[in-house]
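No experiment lies behind these values; they were computed from the predicted model shown. In what follows, chains carry the letters A, B, and so on, assigned in the order in which the sequence lines appear, proteins first and then strands, with residues in each chain numbered from 1. For the numbers below, each heavy atom of this structure counts, side chains included, while hydrogens, waters and symmetry mates do not.
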Amino acid sequence: MSKNNYDFNTVEEKWRKFWEKEKIYKFDPSSNKKIFSVDTPPPTISGRLHMGHAFGDAQQDFFVRFKRMRGFNVLNPFGTDNNGLPTLKLVEKEKKVDSRKMKREDFIDLCNKVIHEEFIPMFLDGVKRLGISADFDLFYSTIDKRSRKISQKSFLDLYKIGREYRLEAPALWCPNCQTTIAQMELEDKEVKSSFVDIVFKVDGKNLIISTTRPELLPASVAMFYHPKDKRYKHLKGKNATVPLFNFEVPILEDERAEMDKGTGIAYCATFGDQTDMEWQKIHKLPIKEAITLDGKMTSIAGEYKGMDIKDARRKIINDLREKKLLLNEKKIIHIVNVCERCGTEVEFISHKQWFVKYLDLKKDMLKWGKEIKWHPRYMRQRYNNWIHGLKWDWCISRQIPFGIPFPVWYCKNCDEVILAKEKDLPVDPVEDKPSVKTCPKCNCKEFIPEKDIMNTWATSSLTPTIIHDLLKDTKISSKIKNKPMDIRRNGQDIITFWDFNTIVKSQLHYKINPWKELYINGWILGRDGHKMSKSRGNGISPDDVIKEWGADVLRYLSSSVKPGEAVAFSDKELVAGKKFITKLLNASKFVFMNLEDYNGKKPKKLEKIDELFLIKLNNLIQEATNYFEIYEFSKAKAEIEKFFWQIFCDNYLEIIKKRIYNEKGDKRISAQYTLYQSLLAMLKMIAPLMPFIAEEIYQGYFKKTQKDKSIHLSNWPEKMGVKGKTETFDLMIEVISKVRQKKSKAKKAMNSEIILTLEKKQADKLKSVVDDLMAVTNAQEIKSGRFKVEFV
RNA sequence: GGUCCCGUGGUCUAGGGGUUAUGACAACUCGUUUACACCGAGUAGAUCGCAGGUUCGAUUCCUGCCCGGACCACCA
């Protein structure tokens, strides 16, 4: 450890390899220690570890390491999410293929290969560099065989208890690519369009509505105005006649109609947009399809049948104009959703999809959320708001080739659902034969496999089940079965998906909550205070930070943020972390320079100032422990760092310096004992936050005299056996500080000799530490009187 | 649009009814002293976003507003 050049790259690699080789973080299923179980958040693998992952993982590691040192048998497996669309898109990009032009089977093979040979190892490398203390032998991927089986079994179980149903529902459809697409595959695009005012008739009078999509007129099913809108109140219950097509639709009230948009009254076509679909569902309106799968008008469009959407729109506008049913036409530019691959405006189509029925459980959901301890507490409101806003059951069908298939076939004749047998799981219905030879209902012998796959969340909401399955053959299996795990940690952005879905699934399957506590990690913004994103170009890669500053420093930054809050990326904080490490190294060097002859024993009697300092340390241990217990790492860090720097380095070390240089016997041993114990305690409290430097100092200095193989297997510091008030210590610091002030004002060196005059009251209080006071201030003599510093 | 969080020296930040308002970075002055100049000591720098209210007393609690951020939703 030469001065001024701590080679963190070498040091961190050394300890990383040591931890891995010695299996320091291996979970021991046969241990009798109390278990602390952590539900691993499987990050979506869409490239290398990014800053968001690093930040969250680091915070999880803070409490994982803390709990381990507190004596728990920590169950901290590691998983990755390699399911569904993000993986599909990454494979397409990296391997330059188009999943739509490949055989489903070939594409799935390719995905599996790339995931296991490239994505996971690359990601894990990043995680390990950060010093994450997970048990990587307890590993799962959300696409591996185990997960597929569990996910499909979950589907079967929910179906059997009547929690799943199949229903025609709108799906996003690209008329050009001829496929359903996911929301993630949409892009916003500005397009020129016309906002036209057209005339409906009610009781022979004109009723004007504004729309950008007049071609959907033949699919009109209703008109809507806002319940508070007096202009239209008198129309309630009446019918309006649709122009050109001459059929009637009811006029209804709904809060989703915006009074100041257009004329304040809108027409609803079943699959016009999201609102239209909500109206259709809630007001139980008929479904009318105006557009075919290849983007042409259907037969309900009458004379416009077979035309392209845009041609039909133009012709309808013209025809309306001719018939004087078009009053106004405004050219506008608005944003529409287009397919990211071909730029075509997307439409909604009707498609049979699977749903998990849970809308009836809103009250229970709120109750379940309340039973979990949230950190920070206010984050539960995100969960509550989500539940209050739920309008649909959970659609778990996704129309993409890669993911976990539904274990389902349908009878070709009567559409009867044929479930896979549990013992055959996992199945791919496209590849595998159905579980029956003939349809139990109609005796038909032909079956159609379900080609859709299950939404990623349908699987990643099962991580507690997957983790339990990883341990199913071990002694502890029964201990953790049907019990909530201790904690899950994740970002605030997935409370509504992941946390929510996991709670729901756990309750539906096991009637328990998945975990007792939920920690929402603080997160990091770019240097500009905005979320890191490609479009802003403000992204920072954890790899680069680790290379330049070391993993400990990045972790130091992660420990600066409060639970659930955001901080901007701060280079200053990196500098502070680096300086902290340097200071730790130097202080440790000083301590052990003076411990060469130390036998590890307690002195017969502690010097007063040493005792007082240890009481101070006790207070810190208490405080830091409390903060770690409630996941307030930034506060723990601040307290530990402040104590180490200001009390230990700036004052205590200065105070005992001369004693330890010059004295022999018990006075020296007292200081040695105090130095050894306090540095070890501080180091242990730093270990969860900055594990590399803590291990480096532990192994370099303490290992000789400590039994634990690694500091990370050692016990969290206990309070020293000292008690009492610390006013004398504080007064001592105050006097030292005043003397320093005088010396500085007089432009003298800090070690210049003085004669110190103290008020009698103060002098009396400091009697027990007077030798150390004289030493640290370099006072030849202490007189009584008004406070004064005289230079000799 | 809804919800939540935040606003404290130049910058970042701690605190949370009565404090001398914490610390870091930057600035300035001084200091080579057997851990550390990637250091130490000291100095200056803050009407605690704005306006009301509660209170003997508000930076802290309440209400409204403004600013920044995030999440969710929406865009006929």
Does the cation-pi check pass for Arg382(A) over Trp374(A), that is, NZ or CZ under 6.0 Å from the six-membered ring centre and within 45° of its axis?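 No, Arg382(A) does not sit over the ring of Trp374(A).
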
Test: Lys748(A) cationic atom under 6.0 Å from Phe791(A) six-membered ring centre, within 45° of axis: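 Yes; both conditions hold, so Lys748(A) lies above the ring face of Phe791(A).
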
Can you find an N or O donor on one side and an acceptor on the other, under 3.5 Å apart, linking the side chain of Lys583(A) with the base of C36(B)?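 Indeed, a donor on one side and an acceptor on the other fall under 3.5 Å apart.
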
Just list the side-chain donor-acceptor pairs under 3.5 Å for residues 730-740 of chain A, sequence neighbours left out, or say none.
from      : atom 1 : to        : atom 2 : distance (Å)
Asp730(A) : OD1    : Lys616(A) : NZ     : 2.7
Arg740(A) : NH1    : Asn651(A) : OD1    : 3.4
Arg740(A) : NH2    : Asp650(A) : O      : 3.1

Using the 3.5 Å cut-off, write out each protein N or O paired with an N or O of nucleotides 6-11 of chain B and the distance between them.
from   : atom 1 : to        : atom 2 : distance (Å)
U11(B) : O2     : Lys572(A) : NZ     : 2.5

Under a cut-off of 3.5 Å for both distances of each Watson-Crick or G-U pair, what dot-bracket string does RNA chain B give, using [ ] for crossing pairs and | for inter-strand pairs? (((((.(..(((.....[....))).(((((.......))))).....(((((..]....)))))).)))))....

Counting any heavy atom closer than 4.0 Å, what does Gln646(A) reach on the DNA or RNA strands: base, sugar-phosphate only, or nothing?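 Here Gln646(A) touches the backbone only, sparing every base.
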
Between the side chain of Arg659(A) and the main-chain N/O of Arg668(A), is any donor-acceptor distance below 3.5 Å?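 Not at all, since once roles are kept as given, no pair shorter than 3.5 Å links the two residues.
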
[X]: ring-ring contact (aromatic ring centres under 6.0 Å, His included) partners, not counting sequence neighbours:
X	value
Tyr673(A)	none
His53(A)	His50(A), Phe123(A)
Trp645(A)	none

Please determine, for the side chain of Phe195(A), which listed nucleotide (C30(B), A76(B), U33(B)) has the closest atom?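 That would be A76(B).
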
Out of C38(B), U3(B), A24(B), which has the shortest distance to the side chain of Gln381(A)?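 Closest of the options to the side chain of Gln381(A): U3(B).
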
List in chain and number order the residues that pass side-chain contact (heavy atoms from CB on, under 4.5 Å) with Thr211(A), two or more places apart in sequence or in another chain; answer none if no residue qualifies.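 side-chain contact (heavy atoms from CB on, under 4.5 Å) list for Thr211(A), sorted by chain: Val196(A), Ile198(A), Ile209(A), Arg213(A), Pro214(A), Tyr267(A).
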
Ring geometry between Tyr676(A) and Phe702(A) (parallel below 30°, tilted from 30 to 60°, perpendicular above 60°):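 Perpendicular: the ring planes of Phe702(A) and Tyr676(A) meet at over 60°.
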
Using a cutoff of under 3.5 Å, can you pull out all pairs of nitrogen or oxygen atoms linking the protein to nucleotides 70-73 of chain B, with atom names and distances?
from   : atom 1 : to        : atom 2 : distance (Å)
A70(B) : OP1    : Lys531(A) : N      : 3.3
A70(B) : O2'    : Gln492(A) : OE1    : 2.8
A70(B) : O2'    : Gln492(A) : NE2    : 3.2
C71(B) : OP1    : Lys531(A) : NZ     : 2.4

Mind running a 4.0 Å heavy-atom check of residues 733-745 of chain A against RNA chain B and sending the residues that fall below it, in number order?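 Heavy-atom cutoff 4.0 Å gives Ser737(A), Arg740(A), Gln741(A), Ser744(A).
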
At a heavy-atom distance below 4.0 Å, what parts of residues 208-222 of chain A sit against RNA chain B?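 Contacts with RNA chain B under 4.0 Å: Ser210(A), Thr211(A), Thr212(A).
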
What pairs meet the salt bridge (charged side-chain N to carboxylate O under 4.0 Å, His left out) rule with one or both residues in residues 548-559 of chain A, with sequence neighbours excluded?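 Passing the test, one end in residues 548-559 of chain A: Asp61(A)-Arg555(A).
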
Please list all pairs passing the salt bridge (charged side-chain N to carboxylate O under 4.0 Å, His left out) test where one or both residues lie in residues 556-580 of chain A, with sequence neighbours left out.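 Residue pairs passing salt bridge (charged side-chain N to carboxylate O under 4.0 Å, His left out), neighbours aside: Arg527(A)-Asp571(A), Glu573(A)-Lys637(A).
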
